[in-house]
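Chain A is the first sequence line, chain B the second, and so forth, proteins listed ahead of strands; every chain is numbered from 1. Side-chain atoms are counted along with the backbone in the values below, which use heavy atoms only and exclude waters and symmetry mates.
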There are 2 protein chains.
Amino acid sequence: MRISELVDRTGVPLATVKYYLREGLLMPGQATGATQADYDDAHVERLGLIRALIDVAGLSVKRAKAVIDVIEHPESDLVRTIGRALEELPPYGGSDAAEYPRAKRAIEALGQVYDPDYAAVAQLERALAAAEAAGVPMTDDRLRAYGGAIMELAEFDIGNMSTTDPADAVKYAVLGTALYEPVIAAMRRLAHQDAVYRALGGSS
Amino acid sequence: MRISELVDRTGVPLATVKYYLREGLLMPGQATGATQADYDDAHVERLGLIRALIDVAGLSVKRAKAVIDVIEHPESDLVRTIGRALEELPPYGGSDAAEYPRAKRAIEALGQVYDPDYAAVAQLERALAAAEAAGVPMTDDRLRAYGGAIMELAEFDIGNMSTTDPADAVKYAVLGTALYEPVIAAMRRLAHQDAVYRALGGSS
DNA sequence: CAGTATTGGATAGCGTCACTATCTTGTCAA
DNA sequence: TTGACAAGATAGTGACGCTATCCAATACTG
């Protein structure tokens with residue numbers, strides 16, 4: 001299809017499609033001449049992915065490109081590849097303190113291995129520090145309650161991951177992380193409302 | 001304390017503190033003269049909250065102000081007040097479609113009440129649509145697994161909410177939502193890594 | 001085959017945002 | 001009384017994510 005049809009099918013403005021092409025988020029079409037190129041369903045899908053990463057997952061254009069690059073060119077080492085992609089996902093790590101006391105305590109309380117090289121450790125530290133600074137610190141009780149529920153989530157995710165195709169596993173892991181976090185957040189908010197509603201016996 | 005001490009204690013640059021004052025995020029100090037004002041621990045705490053909302057929860061300055069306003073001046077109707085604050089939290093709802101088929105199906109599958117007026121319904125719809133568009137659609141299996149785990153989270157949260165002091169409840173609900181979502185996201189990522197690590201038998 | 005439309009490619013501009021810097025005027029403290 | 005600091009106002013900055021315009025080279029259309 002021509003670029004105008006791609007624009008029509010996705011709803012993404014022409015100028016923006018060209019911008020994504022320039023930035024390397026969208027692969028160029030098959031050139032059929034000096035001023036013409038063919039686009040196909042892969043381009044439609046890619047635009048969907050780009051918008052999902054930018055609009056829903058909240059990534060910047062640059063980080064979205066990094067994530068797409070990782071998915072397109074996975075390394076042989078699965079765990080490292082996924083780790084690399086996850087570092088592009090928000091929240092982003094600023095200065096690396098090399099010391100994450102809150103995160104360390106939490107992780108060890110849950111019986112997990114504490115490895116300060118994981119980007120998520122720094123993320124957890126900052127999230128915990130922020131909650132503390134704002135006056136709603138993490139308690140041991142809550143840590144235990146959250147830990148159990150989150151283990152459930154994680155075990156389902158990992159259990160459903162393809163172990164045969166590494167490229168698929170990377171895509172699943174990265175998109176699963178980036179795109180299901182908003183799903184989980186929304187579901188939690190709804191569950192809160194439901195719980196409050198039931199706690200109040202259905203009255204406003 | 002003087003403004004310079006506030007700057008030193010929080011690490012927030014002077015120009016930025018003035019900016020927050022201008023924008024109404026930070027309450028003015030007690031004026032002791034035409035060019036002098038006193039700041040106290042409440043100001044230090046507020047700056048911590050502002051940075052937590054902006055840097056960790058990812059709010060814009062304007063939305064952070066809206067959240068702070070709600071916490072400071074809660075209405076009598078608890079549920080409505082919390083709802084108002086939650087709409088300021090990302091991800092933000094764009095055009096209201098009034099029809100949320102994916103979210104409706106999911107919510108009813110979990111046995112909750114579907115009310116399209118909740119902002120979180122639109123958020124869930126967009127998150128589900130994005131996952132679908134990106135090629136990792138929500139399955140019934142996953143919905144059930146997530147639903148159970150998330151109910152656990154929500155029940156703990158609501159169970160620990162103060163039912164006596166409305167102002168406290170609002171603060172707890174809003175900050176709990178805004179600041180614990182990053183905590184949960186980080187914990188899930190770590191749980192993923194832990195699960196993969198154990199699935200691979202400890203080898204890299 | 002003339003004429004209009006469309007494309008790819010390049011470049012420049014725009015609006016928002018979150019600061020940041022400067023300047024003025026007043027004031028406190030030594 | 002002098003020099004550092006403060007408040008308040010205003011303008012500027014750099015990044016970001018588009019968006020608009022131009023141009024030359026085709027491609028369809030009648």
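The distance between atom CD of Glu23(A) and atom C1' of dC16(D), rounded to the nearest whole Å, is 10 Å. One interatomic measurement links the two molecules: CD1 of Ile50(A) to P of dG17(D), which rounds to 13 Å at whole-angstrom precision. Regarding Lys18(A), its NZ atom lies at a distance of 11 Å from the C1' atom of dT19(D), rounded to whole Å.
Phosphate contact (OP1/OP2 of dG17(D), side-chain N/O of Tyr20(A), threshold under 4.0 Å): absent. Under 4.0 angstrom from either OP1 or OP2 of dA27(D) there lies no side-chain N or O belonging to Thr35(A). Dashed line: the shortest gap from a side-chain N or O of Tyr19(A) to OP1 or OP2 of dA10(C) is not under 4.0 Å.
Of the two residues contacting DNA chain D, namely Gly33(B) and Gln36(A), the nearest-nucleotide position lying further toward the 5' end is that of Gly33(B). When each of Arg51(A) and Glu5(B) is assigned the nucleotide of DNA chain D with its nearest heavy atom, Glu5(B) is the one assigned upstream, toward the 5' end.
A donor-acceptor pair shorter than 3.5 Å cannot be found between the side chains of Gln36(A) and Arg2(A). Donor-acceptor pairing under 3.5 Å is lacking for the side chains of Arg126(A) and Tyr92(A).
Using a 4.0 Å heavy-atom distance criterion, Arg2(A) is classed as a sugar-phosphate-only contact. At the heavy-atom level, Ala37(A) lies under 4.0 Å from the strands shown only through sugar-phosphate atoms.
By the 6.0 Å contact criterion, CZ on Arg102(B) is enclosed, its count of non-hydrogen atoms from other residues, nucleotides or ligands being greater than 12.
The distance from atom CD1 of Ile150(B) to atom CD of Glu152(A), rounded to the nearest 0.5 Å, is 10.0 Å.
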